[in-house]
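Reading through the structure tokens given below for one structure.
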Amino acid sequence: FTRTTINYLIKVNRKMKIGSYPESADKIKDKANTRWEITNFRLIIITSLFLVLFDNFTFFKNVFAIYPVSISNIGFLFSISVVLMSVIILLLSIFCFKYTTKPILMAILLLSSLASYFMNNYNIVIDETMLQNVIQTDSNEVFDLLNVKLFIYLFFAGIIPSIIIY
């Protein structure tokens, strides 16, 4: 309802002297806004869905190579997606609080876009040894790894979703 419609209904109701007045326009507007309000938990769910769909391409490519899409495997393949999303939601729910949700989700999106780039392009698995290699990397190796494709991954899979969250 628009404000003028609600004001008209209030005037008609006053003239007819029927019962109580309808809710004010502000209360109706507040109810409409709360329906589309993104809570922290909804934001965690949306972010985890994004992470599963866009930042785990190599994981799903390898899963589909081992378990090809068929009627007998479709339930298993679907359950992998559901379990992965559930684990991400659980972990994010543990660490995200009222004021830390957005910064944590933005950092995870940026880091996962970088990890996704390296997993997709260099066929690596990020484990403890790989993290040690990252720490021991010198500036020459870093400049060898920087290229346009890395910045495209970072922009579309990290920066744009982070801006949307902000």
Side-chain angles (χ1 to χ4, degrees), residues 27-166:
K27 287 184 181 179
I28 292 174
K29 188 175 182 182
D30 289 341
K31 283 184 180 180
N33 287 339
T34 56
R35 185 181 316 162
W36 296 106
E37 181 180 308
I38 295 184
T39 62
N40 284 345
F41 189 66
R42 285 182 186 167
L43 190 59
I44 288 171
I45 291 172
I46 292 168
T47 303
S48 64
L49 181 64
F50 179 85
L51 291 172
V52 169
L53 292 177
F54 297 108
D55 288 341
N56 283 298
F57 179 76
T58 303
F59 170 72
F60 285 112
K61 184 175 75 171
N62 291 330
V63 168
F64 291 146
I66 296 171
Y67 301 99
V69 178
S70 67
I71 293 179
S72 61
N73 290 338
I74 200 77
F76 175 72
L77 295 173
F78 180 73
S79 69
I80 286 178
S81 302
V82 171
V83 168
L84 181 60
M85 188 170 162
S86 299
V87 168
I88 293 171
I89 290 171
L90 176 69
L91 292 174
L92 290 176
S93 296
I94 290 171
F95 294 109
C96 292
F97 299 101
K98 184 175 184 178
Y99 298 109
T100 62
T101 302
K102 287 183 180 182
I104 288 174
L105 293 180
M106 291 166 62
I108 286 177
L109 284 169
L110 292 170
L111 291 173
S112 67
S113 67
L114 292 173
S116 176
Y117 167 77
F118 287 108
M119 289 187 295
N120 291 340
N121 291 299
Y122 297 110
N123 294 321
I124 63 166
V125 175
I126 299 191
D127 58 358
E128 182 180 333
T129 307
M130 190 55 64
L131 293 176
Q132 288 175 351
N133 291 339
V134 168
I135 292 171
Q136 297 171 355
T137 301
D138 64 353
S139 60
N140 292 330
E141 292 175 348
V142 169
F143 288 120
D144 289 339
L145 295 173
L146 294 178
N147 58 35
V148 174
K149 195 172 183 181
L150 170 67
F151 290 111
I152 290 172
Y153 261 84
L154 183 63
F155 184 73
F156 286 109
I159 294 174
I160 290 178
S162 296
I163 290 171
I164 291 171
I165 285 176
Y166 183 72

Requested in this report: Classify the ring geometry between Phe54 and Phe50 as parallel (under 30°), tilted (30 to 60°) or perpendicular (over 60°).
Outcome: tilted
Report summary line: Sorted by chain and residue number, the side-chain contact (heavy atoms from CB on, under 4.5 Å) partners of Ser48 (sequence neighbours excluded) come out as Met85, Ile88, Ile89
**Report entry** Nearest-0.5 Å distance, CD1 of residue Ile104 to CG of residue Asn40
**Finding:** 10.5 Å
Query raised in the report: Under 3.5 Å, side chain of Thr100 to main-chain N/O of Cys96, donor-acceptor pair present?
Result: no
Query raised in the report: Quick one: are Leu84 and Asn56 in side-chain contact, heavy atoms under 4.5 Å?
Result: yes
Query raised in the report: Mind checking whether Ser113 and Leu109 have side chains closer than 4.5 Å, heavy atoms only?
Result: no
**Report entry** Nearest-0.5 Å distance, CD1 of residue Ile44 to CG of residue Leu92
**Finding:** 5.5 Å
Query raised in the report: So, do Leu49 and Ile45 sit near enough that their side-chain heavy atoms are less than 4.5 Å apart?
Result: no
Query raised in the report: How close do Ser93 and Phe41 get, heavy atom to heavy atom, and via which atoms?
Result: OG-CE1, 3.7 Å
Report task. Report the distance from atom CD1 of Ile74 to atom CD1 of Ile71, rounding to the nearest 0.5 Å. Result -> 8.5 Å
Just distance, no hydrogens or angles: give the donor-acceptor pairs under 3.5 Å from side chains in residues 142-161, sequence neighbours left out.
from: Asn147; atom 1: OD1; to: Tyr117; atom 2: OH; distance (Å): 3.1
from: Asn147; atom 1: OD1; to: Lys149; atom 2: N; distance (Å): 3.2
from: Asn147; atom 1: OD1; to: Leu150; atom 2: N; distance (Å): 2.8
from: Asn147; atom 1: ND2; to: Tyr117; atom 2: OH; distance (Å): 2.9
from: Lys149; atom 1: NZ; to: Asn121; atom 2: OD1; distance (Å): 2.8
from: Tyr153; atom 1: OH; to: Asn120; atom 2: ND2; distance (Å): 3.1

Query - By ring pair (Phe, Tyr, Trp, His ring centres under 6.0 Å) - contacts of Tyr166 (at least two apart) - result: none
Requested in this report: Step through the shown structure and confirm whether more than 12 heavy atoms of other residues, nucleotides or ligands are within 6.0 Å of CD on Glu128.
Outcome: no
Query raised in the report: Roughly how far, to the nearest 0.5 Å, is CG of Asn73 from CD1 of Ile80?
Result: 9.0 Å
Query raised in the report: Which distance, rounded to the nearest 0.5 Å, do you find between the CD1 of Ile126 and the CE of Met130?
Result: 7.5 Å
Report task. Using the test side-chain contact (heavy atoms from CB on, under 4.5 Å), find all partners of Phe64 that sit at least two apart in sequence or belong to another chain. Result -> Phe60, Val69, Leu77
Query raised in the report: Would you say Tyr122 has more than 12 foreign heavy atoms packed within less than 6.0 Å of its OH?
Result: yes
Query raised in the report: For Ser112, what residues pass the side chain to side chain donor-acceptor pair (under 3.5 Å) criterion, not counting sequence neighbours?
Result: Asp55
Query raised in the report: For Thr129, which residues count as a side-chain contact (heavy atoms from CB on, under 4.5 Å) partner, sequence neighbours excluded?
Result: Asp127, Asn133
